[in-house]
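One structure below.
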There are 2 protein chains.
Amino acid sequence: MALAHDYTDVQHLPVPPRTDDTAAGLFRLSVSMTFAKDEEIYGQDEDADLIYRVLDGAVRTTRVMADGRRQIGDFYLAGDIFGLEAGPAHRFAAEAVRDSVILVIKASTLRSSGGDVGRLGWEATRRELERAQEHVIMLGRKTACERVASFLKDLSDKSGGLRVVDLPMGRQDIADYLGLTIETVSRMLSQLQASRIVSFCATRQFRIVNPGGLARLANQTL
Amino acid sequence: MALAHDYTDVQHLPVPPRTDDTAAGLFRLSVSMTFAKDEEIYGQDEDADLIYRVLDGAVRTTRVMADGRRQIGDFYLAGDIFGLEAGPAHRFAAEAVRDSVILVIKASTLRSSGGDVGRLGWEATRRELERAQEHVIMLGRKTACERVASFLKDLSDKSGGLRVVDLPMGRQDIADYLGLTIETVSRMLSQLQASRIVSFCATRQFRIVNPGGLARLANQTL
DNA sequence: CGGCAGCCTTGATCCGCATCAAGGCGCAGA
DNA sequence: TCTGCGCCTTGATGCGGATCAAGGCTGCCG
């Protein structure tokens with residue numbers, strides 16, 4: 001596990017670089033920090049008074065059971081907000097999937113804001129809830145093939161529906177997100193490629209060859 | 001499936017009967033409705049302008065895939081609030097597990113409220129998110145035995161830690177909540193009883209014989 | 001350019017849960 | 001009380017994904 005962050009690279013940004021979406025408004029008075037690959041952003045059980053936004057890079061939230069079994073709660077890419085799942089304390093840890101730049105704001109600032117700003121926080125929490133519920137469906141009732149297909153499709157959708165998509169995370173992270181083993185993920189990816197649904201340009205970049213076929217395999221209910 | 005509710009039993013209640021918790025404050029201007037066992041409270045994809053609170057009975061939220069596979073999102077007992085998962089439309093349907101009385105309030109009333117009331121809605125949404133995330137851990141990384149043990153323990157905790165607990169739902173509902181089949185749920189329940197962890201007084205009522213053993217099997221991480 | 005380490009793929013086998021099948025039990029209604 | 005139906009349990013068998021095992025690829029650093 002990476003060492004605790006030393007906070008030497010904190011910079012004050014009056015305005016975040018991306019201002020093209022509502023979330024940006026929440027982060028007007030924020031601080032930017034960089035995290036190395038696999039570095040912890042916050043720990044499980046840690047007090048939660050901060051909310052985060054990915055500026056560049058990718059983040060995973062994880063929970064590890066006593067015997068080492070790991071579940072990834074979600075992945076967050078550039079523009080995404082995370083850290084909202086906290087009551088008094090975080091129930092998941094957050095780690096950088098690769099070198100990342102993160103904006104940070106005090107949660108108490110947000111929560112005490114009346115009107116619009118408070119409503120934006122609520123909206124963001126509601127979207128998190130929706131994503132968690134989709135995840136429940138996936139883990140409860142989808143086959144390994146459907147899970148992997150859903151994962152690739154979601155990633156493409158998040159990237160604006162591009163045909164060529166980068167995978168920021170490794171196979172083990174995908175497995176721990178989908179509730180599978182790394183071997184099963186690898187086999188399903190090979191199988192999807194063999195069926196001409198997708199095609200891997202590199203280990204961590206694929207092209208969607210047959211979007212209709214992918215959607216059918218993903219078996220989305222909505 | 002039950003017929004649509006005919007709304008003939010709507011009554012106006014100036015104050016809900018239970019006023020001993022914060023949630024009650026949200027429902028000061030609400031309407032009470034009764035639903036028969038298995039009756040639909042709202043449908044998947046249905047527009048969402050209402051928020052609900054269980055006064056008496058039990059409710060499940062469900063999502064059905066094209067081929068009939070069903071996943072239950074959560075169960076709600078007396079005092080619980082549901083219907084918050086909606087963006088523009090509900091992503092799960094809600095049905096009465098047994099004859100139930102439900103309080104209903106317009107969501108727009110809540111959302112537009114500034115200050116305290118708005119914050120209570122956010123808090124309730126955040127608790128929903130926490131429950132969904134626990135569900136993700138369960139479905140992603142727990143064995144059948146751990147899932148059933150967790151389920152019984154959660155139910156007991158929700159009922160205030162009682163040793164004798166009623167199961168409002170049938171075995172099929174439990175299976176669809178835990179991502180298992182009804183046969184596996186039944187076998188695990190028999191197994192827990194054989195190991196003197198719990199003891200079934202009736203099909204739908206059990207006693208926790210060994211709380212420590214149950215907690216150990218549940219394998220909670222927090 | 002060569003060597004090494006971490007990540008990924010592929011194959012063989014195993015096992016937990018699903019599926020298929022056959023009653024048992026309890027409750028409701030005659 | 002009897003009867004029937006829905007719900008639940010239990011047993012036998014099958015299969016999807018886990019586990020165990022053995023390399024292959026790729027990117028980094030000398």
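Reminder, nothing fancy here: chain letters follow the sequence lines and each chain counts from 1.
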- Fit a plane to each ring of Phe75(A) and Phe151(A), take the angle between them on a 0 to 90° scale, and name the class: parallel (under 30°), tilted (30 to 60°) or perpendicular (over 60°). perpendicular
- Message: So, does Thr184(B) get its side chain near the phosphate of dA18(C), meaning an N or O under 4.0 Å from OP1 or OP2?
- Response: yes
- Query: With a 3.5 Å cut-off and no angle check, do the side chains of Thr181(B) and Thr184(B) form a donor-acceptor pair?
  - Reply: yes
- Task: Measure the distance from CG on Asp173(B) to P on dG6(D) and round it to the nearest whole Å.
- Result: 17 Å
- Message: Check whether Gln193(B) reaches the backbone of Phe200(B) with its side chain - one donor and one acceptor, N or O, closer than 3.5 Å.
- Response: yes
- dG17(D), dC8(D), dC17(C): which one has an atom nearest the side-chain heavy atoms of Ala144(B)? dC17(C)
- Message: Tell me the bend of the helix from dC1(C)-dG30(D) to dA30(C)-dT1(D) as the angle between end helix axes, each from five pairs, rounded to the nearest 10 degrees.
- Response: 40°
- Hey, are Arg69(B) and Asp176(B) close enough for a salt bridge, meaning a charged N less than 4.0 Å from a carboxylate O? no
- Query: Arg171(A) has a side chain; which of dT9(C), dA18(C), dT9(D) sits nearest to it?
  - Reply: dT9(C)
- Is the closest basic N to carboxylate O distance between Arg187(A) and Glu183(A) below 4.0 Å? no
- Task: Check every atom of dA18(D), dC8(D), dT10(C) against the side chain of Thr181(A) and return the nucleotide holding the closest atom.
- Result: dA18(D)
- Item | Sidechain-backbone polar pair: Ser100(A) side chain, Arg98(A) backbone, donor-acceptor under 3.5 Å | yes
- If we ignore angles and hydrogens, is there a donor and acceptor under 3.5 Å between the side chains of His90(A) and Gln44(A)? no
- Calculate the interatomic distance between Ile182(B) atom CD1 and dT10(D) atom P; express it in whole Å. 13 Å
- Query: Taking CZ from Arg147(A) and C1' from dG16(D), how many angstroms apart are they, rounded to a whole number?
  - Reply: 11 Å
- Task: To the nearest Å, give me how far apart CD (Gln193(B)) and C1' (dT10(D)) are.
- Result: 14 Å
- Item | Tyr52(A)-Tyr42(A) aromatic ring centre distance below 6.0 Å | yes
- Message: Classify Leu189(B) by what it touches in the nucleic acid, base, sugar-phosphate, or nothing, heavy-atom distance under 4.0 Å.
- Response: nothing
- Where each residue is assigned the nucleotide of DNA chain C containing its nearest heavy atom, which of Phe200(A) and Arg141(A) is assigned the position nearer the 5′ end? Phe200(A)
- Message: For a quick test of reading the model: is some side-chain N or O of Arg204(A) closer than 4.0 Å to OP1 or OP2 of dC8(C)?
- Response: yes
- Message: For a quick check, with a 4.0 angstrom heavy-atom cut-off, what is the B/S/- contact string for nucleotides 23-28 of chain D, read 5' to 3'?
- Response: ------
- Grab the CG-C1' distance between Asp38(A) and dG6(C) for me, whole Å please. 12 Å
- Task: Quickly work out the Lys142(A) NZ to dG17(D) P distance and round it to whole Å.
- Result: 14 Å
- Of all the choices, dC8(D), dT10(C), dT19(C), which nucleotide is nearest to the side chain of Glu183(B) once you look at every atom? dT19(C)
- dC8(C) base to Gln172(A) side chain: any donor-acceptor pair below 3.5 Å? no
- Can you tell me the distance, in whole Å, between the CZ atom of Phe206(B) and the C1' atom of dC8(D)? 17 Å
- May I ask you to say what Ser190(A) touches in the nucleic acid, namely base, sugar-phosphate or nothing, with a heavy-atom cut-off under 4.0 Å? sugar-phosphate
- Could Arg60(B) and Glu95(B) be called an ion pair, given the rule that one side-chain N must be under 4.0 Å from one carboxylate O? yes
- Minimum-distance nucleotide to Thr143(A) side chain [options: dC8(C), dT10(C), dG17(D)]: dG17(D)
- Could you tell me the separation between the CD atom of Gln191(B) and the C1' atom of dG16(C), rounded to a whole number of Å? 11 Å
- Message: When you measure only distances, ignoring hydrogens and angles, does the side chain of Arg187(A) come within 3.5 Å of the base of dT19(D) through a donor and an acceptor?
- Response: yes
- Any sub-3.5 Å donor-acceptor pair from Ser150(B)'s side-chain atoms to Ala218(B)'s backbone N or O? yes
